[in-house]
Amino acid sequence: MEQVPAAVSTNWLAARLNEPGIKIIASESATVAATGSSLSAAARDLRGEFEAAHIPRSALFNLDEVSDPDTLLLMMLPSQEQFAAQVGALGISNDDLVIVYDSQGVRTSPRAWWMFRVFGHANVAVLDGGLPKWKREGRSIASGWRAPEPLRFEGSRHDELVMDTEQMMDVQSTRTFQVVDGRPAARYRETAPEPRGNIPSGRMPWLRNVPSDLVVNSSSGELFELDIIRANFEAAGVDVDGPIVTTCGWGVAACQLALGLHLLGNRDAAVYDGSWLEWASRTDTTIARD
């Protein structure tokens with residue numbers, strides 16, 4: 001199977017839609033609102049949404065289920081064994097090229113893209129523009145539910161793509177990585193509250209703010225051109241070629257930033273999995289405020 005860039009176009013996928021070695025998944029989360037950057041007040045009906053309209057031959061990749069069941073934090077990485085079992089149950093093997101899309105453009109799909117890379121599957125790409133662009137172009141839409149034929153998938157965790165809170169505290173001391181926050185500027189500057197009322201406003205010390213809508217156009221749901229993405233990172237003082245770890249509210253926007261950096265050539269950018277939700281929940285971390 002051919003190696004592809006980290007993001008592919010709808011034209012690219014449409015031309016290969018029926019190739020057997022390509023597996024397509026819809027990466028969604030019931031706790032992420034259908035629009036905007038806040039958590040939904042009520043959980044979405046992911047299966048109902050998927051059954052109503054999805055790209056043909058795709059399977060539902062539920063980020064809330066493919067996550068660590070032993071934490072109250074959102075969408076934390078599962079174990080290698082859990083990920084392998086759940087991905088295999090979706091009919092995906094190590095030989096497949098995985099194309100990830102979501103119902104909002106390029107929002108939750110980068111999270112699944114990053115997870116596959118963490119667990120050693122580099123042959124994965126995000127569909128630029130996702131389901132909204134696919135629909136705008138009048139392409140075929142499927143409905144209903146198809147149970148995939150399970151296949152064997154084996155993962156191998158790449159710890160260099162993930163950071164936990166202890167590592168982030170060390171980064172704050174050593175400053176060996178640039179830390180880039182993908183939250184909206186208003187939340188970064190504390191002029192807007194965090195969407196979870198029990199989480200305080202503020203930010204981690206010593207970081208740069210590159211809101212994820214400077215990587216993904218919030219109007220179209222498509223990735224910006226690479227020169228624009230680069231310019232937006234550099235305008236925030238980020239050396240896009242240097243060591244970087246991304247963070248955000250709870251690990252979604254951070255993966256959008258990681259995807260943008262990957263497209264710019266920085267394939268080693270790590271993601272702080274717990275992000276602000278974990279950092280602000282602990283008593284041994286430092287919170288910076290204006």
Side-chain angles (χ1 to χ4, degrees), residues 29 31-33 36-39 68 71-77 107-108 110-111 114 118 159-216 218 229-262 264 266 268-290:
S29 168
T31 57
V32 176
S37 61
S38 65
L39 297 180
D68 183 355
T71 177
L72 296 178
L73 298 171
L74 296 175
M75 291 181 285
M76 294 289 284
L77 279 171
R107 189 174 181 207
T108 49
R111 177 75 187 183
W114 171 73
V118 168
D159 287 327
E160 71 275 10
L161 297 176
V162 190
M163 284 203 181
D164 61 21
T165 300
E166 283 67 32
Q167 289 172 306
M168 292 302 296
M169 287 192 286
D170 182 66
V171 166
Q172 294 294 339
S173 299
T174 62
R175 300 191 178 185
T176 49
F177 284 77
Q178 303 165 91
V179 184
V180 187
D181 190 339
R183 290 179 300 165
R187 283 165 57 195
Y188 176 83
R189 292 296 181 190
E190 301 175 68
T191 57
E194 288 298 307
R196 289 174 68 98
N198 60 331
I199 300 300
S201 298
R203 61 184 182 272
M204 298 165 58
W206 192 72
L207 77 167
R208 308 287 186 177
N209 183 215
V210 180
S212 61
D213 61 6
L214 297 180
V215 173
V216 179
S218 58
I229 296 175
R230 180 180 291 275
N232 288 337
F233 273 106
E234 291 178 346
V238 178
D239 174 9
V240 298
D241 299 316
I244 296 174
V245 56
T246 65
T247 183
C248 61
W250 53 87
V252 173
C255 295
Q256 292 174 301
L257 298 191
L259 174 62
L261 290 164
H262 190 282
L264 293 174
N266 188 335
D268 299 320
V271 170
Y272 174 26
D273 193 20
S275 285
W276 181 247
L277 184 57
E278 182 172 12
W279 186 270
S281 299
R282 292 183 46 156
T283 59
D284 56 347
T285 54
T286 301
I287 295 177
R289 292 189 169 93
D290 287 335

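Closest approach of Ile287 and Ser201 over heavy atoms only: CG2-O, 4.0 Å. Minimum heavy-atom separation, Pro211 to Pro184: CB-CA, 4.2 Å. Nearest heavy atoms, Val162 versus Ala270: N-CB, 4.1 Å. When all heavy atoms are compared, the tightest approach of Gly182 to Ala253 is O-CB, 3.8 Å.
A donor-acceptor pair is defined here as one N or O able to donate and one able to accept, closer than 3.5 Å; such a pair exists between the side chain of Asn209 and the backbone of Arg183. In this structure a side-chain-to-backbone donor-acceptor pair under 3.5 Å is missing from Thr247 to Tyr272. A distance-only check finds no donor-acceptor pair linking the side chain of Trp276 to the backbone of Met204 [under 3.5 Å]. A donor-acceptor contact shorter than 3.5 Å links the side chain of Gln178 to the backbone of Asp239. A donor-acceptor contact shorter than 3.5 Å links the side chain of Trp114 to the backbone of Leu161. The backbone N or O of Ala186 lies less than 3.5 Å from a partner atom in the side chain of Thr191, making a donor-acceptor pair. A side-chain donor-acceptor contact under 3.5 Å links Asn266 to the backbone of Val240.
A distance of 9.0 Å separates OG1 in Thr286 from CE in Met169, rounded to the nearest 0.5 Å. Here the CG-CG distance, from Leu261 to Asp241, works out to 9.5 Å after rounding to the nearest 0.5 Å. Note that the CG atom of Leu73 and the OG atom of Ser275 stand 10.0 Å from one another [nearest 0.5 Å]. To the nearest 0.5 Å, atom CD1 of residue Ile229 and atom CG of residue Leu257 are 10.0 Å apart. Rounding to the nearest 0.5 angstrom, the gap separating the CG atom in Leu207 from the CG atom in Asp181 is 5.0 Å.
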Inset, instruction - Tell me, with the steps shown, if Arg203 and Arg187 meet side chain to side chain contact (heavy atoms under 4.5 Å, CB included). - result: CA-CA 9 Å; Arg203 61 184 182 272; Arg187 283 165 57 195; over 6 Å; no

Inset, instruction - In sequence, state the C-alpha distance, the side-chain angles, and the governing distance for Trp250 and Val32, and then conclude on side chain to side chain contact (heavy atoms under 4.5 Å, CB included). - result: CA-CA 10 Å; Trp250 53 87; Val32 176; 4.0 Å; yes

Inset, instruction - Verify side chain to side chain contact (heavy atoms under 4.5 Å, CB included) between Val215 and Asn232, making sure each step is shown before the conclusion. - result: CA-CA 8 Å; Val215 173; Asn232 288 337; over 6 Å; no

Inset, instruction - Please lay out, stage by stage, how Val216 and Arg107 fare under the test side chain to side chain contact (heavy atoms under 4.5 Å, CB included). - result: CA-CA 8 Å; Val216 179; Arg107 189 174 181 207; over 6 Å; no

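A heavy-atom distance below 4.5 Å is not found between the side chains of Glu160 and Asp268. Contact of the Val180 side chain with the Phe233 side chain is registered, since non-hydrogen atoms from C-beta on lie closer than 4.5 Å.
A salt bridge links Asp273 with Arg111: at least one charged nitrogen is closer than 4.0 Å to a carboxylate oxygen.
When the options Arg208, Met163, Met168 are evaluated for a side chain to side chain contact (heavy atoms under 4.5 Å, CB included) with Val179, the one that passes is Met168.
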